[in-house]
2 protein chains.
Amino acid sequence: MLYHVKIEITLKPTVMDAQGTTMEKALHKMGHADVQNVRIGKFVTMEVEAKCTSCARSAAEAMCKELLANPIIEQFEVHVVEAETECVA
Amino acid sequence: MLYHVKIEITLKPTVMDAQGTTMEKALHKMGHADVQNVRIGKFVTMEVEAKCTSCARSAAEAMCKELLANPIIEQFEVHVVEAETECVA
């Protein structure tokens with residue numbers, strides 16, 4: 001079965017987000033003074049062929065640990081949604 | 001009022017995602033053969049002080065157009081949630 005997987009990767013809350021801080025300063029300089037706590041993250045979307053939702057989740061978590069995220073400074077969250085199957089009637 | 005704003009920025013579907021393609025190839029080489037359509041995006045979280053939800057949304061959209069996103073190749077989506085107010089009782 002095909003699953004849509006979305007993985008959100010962020011810096012751990014205790015890690016300083018230099019990119020976010022720079023962006024916040026730039027926004028303030030541009031007149032957006034009411035903005036604070038700007039933080040940046042990345043996400044990866046993919047389609048995974050798996051037997052069940054938890055298999056797809058396990059596969060995605062393995063990918064994160066092996067390649068996508070840096071476990072020392074980053075944390076990740078996996079969201080799995082079953083893809084709509086085509087009508088074959 | 002304080003709002004939590006999350007902005008998701010992705011390449012437009014018609015733009016080739018070289019980083020995603022590279023990641024997909026790497027995952028295949030590492031044994032994750034059941035993965036396809038890998039695409040990468042980024043998100044920005046921030047707190048915005050605004051009068052109302054739609055004001056916060058407008059401010060976030062303006063920030064995207066001015067600084068955060070590249071309108072030629074990227075598209076963005078803004079999600080606004082009211083921050084929980086502290087109990088002053």
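Just so you know, these numbers use all the heavy atoms, side chains as well, and skip hydrogens, waters and symmetry mates. All chains are named by letter (A, B, ...) in the order of the sequence lines, taking the proteins before the strands, and each is independently numbered beginning at 1.
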Hydrophobic cluster membership, with links at side-chain heavy-atom distances under 4.5 Å among I/L/V/M/F/W/Y: are [X] and [Y] in one?
X       : Y       : value
A:Ile73 : A:Met16 : no
B:Ile7  : B:Val81 : no
B:Leu2  : A:Val35 : no

Completion exercise
Given B:Leu68, B:Val44, B:Thr45, the one with more heavy-atom pairs under 4.5 angstrom with chain A than any other is B:Thr45
Practice task
Tell me, out of B:Val48, B:Asp34, B:Val38, who's got the most heavy-atom pairs with chain A below 4.5 Å.
Solution key: B:Asp34
Problem - A:Met63 vs B:Met23 side-chain heavy atoms within contact, under 4.5 Å - result: no
Problem - Under 4.5 Å from any heavy atom of chain A - which part of B:Ile9 - result: backbone
Practice task
Scan A:Asn37, A:Leu27, A:Ile40 and name whichever one has a side-chain contact (heavy atoms from CB on, under 4.5 Å) with B:Met46.
Solution key: A:Leu27
Assess whether atom [atom1] of [X] is packed by more than 12 heavy atoms of other residues, nucleotides or ligands within 6.0 Å.
X       : atom1 : value
A:Glu47 : CD    : yes
A:Gln36 : CD    : yes
B:Lys25 : NZ    : no

Exercise for the section: Taking all heavy atoms of B:His32 and all of A:Ala62, pick out the closest pair and write down the distance. Expected result: CE1-CB, 4.2 Å
Practice task
Please report the shortest heavy-atom distance between A:Lys42 and B:Phe43, naming the atom on each side.
Solution key: O-CE2, 3.5 Å
Fill in the blank from the handout: Comparing A:Arg39, A:Met30, A:Glu49 against chain B, the one with the most heavy-atom pairs below 4.5 Å turns out to be A:Arg39
Handout entry: Winner by heavy-atom pair count (cut-off under 4.5 Å) against chain B, out of A:Ala26, A:Gly41, A:Ala50, A:Ala33
Key = A:Gly41
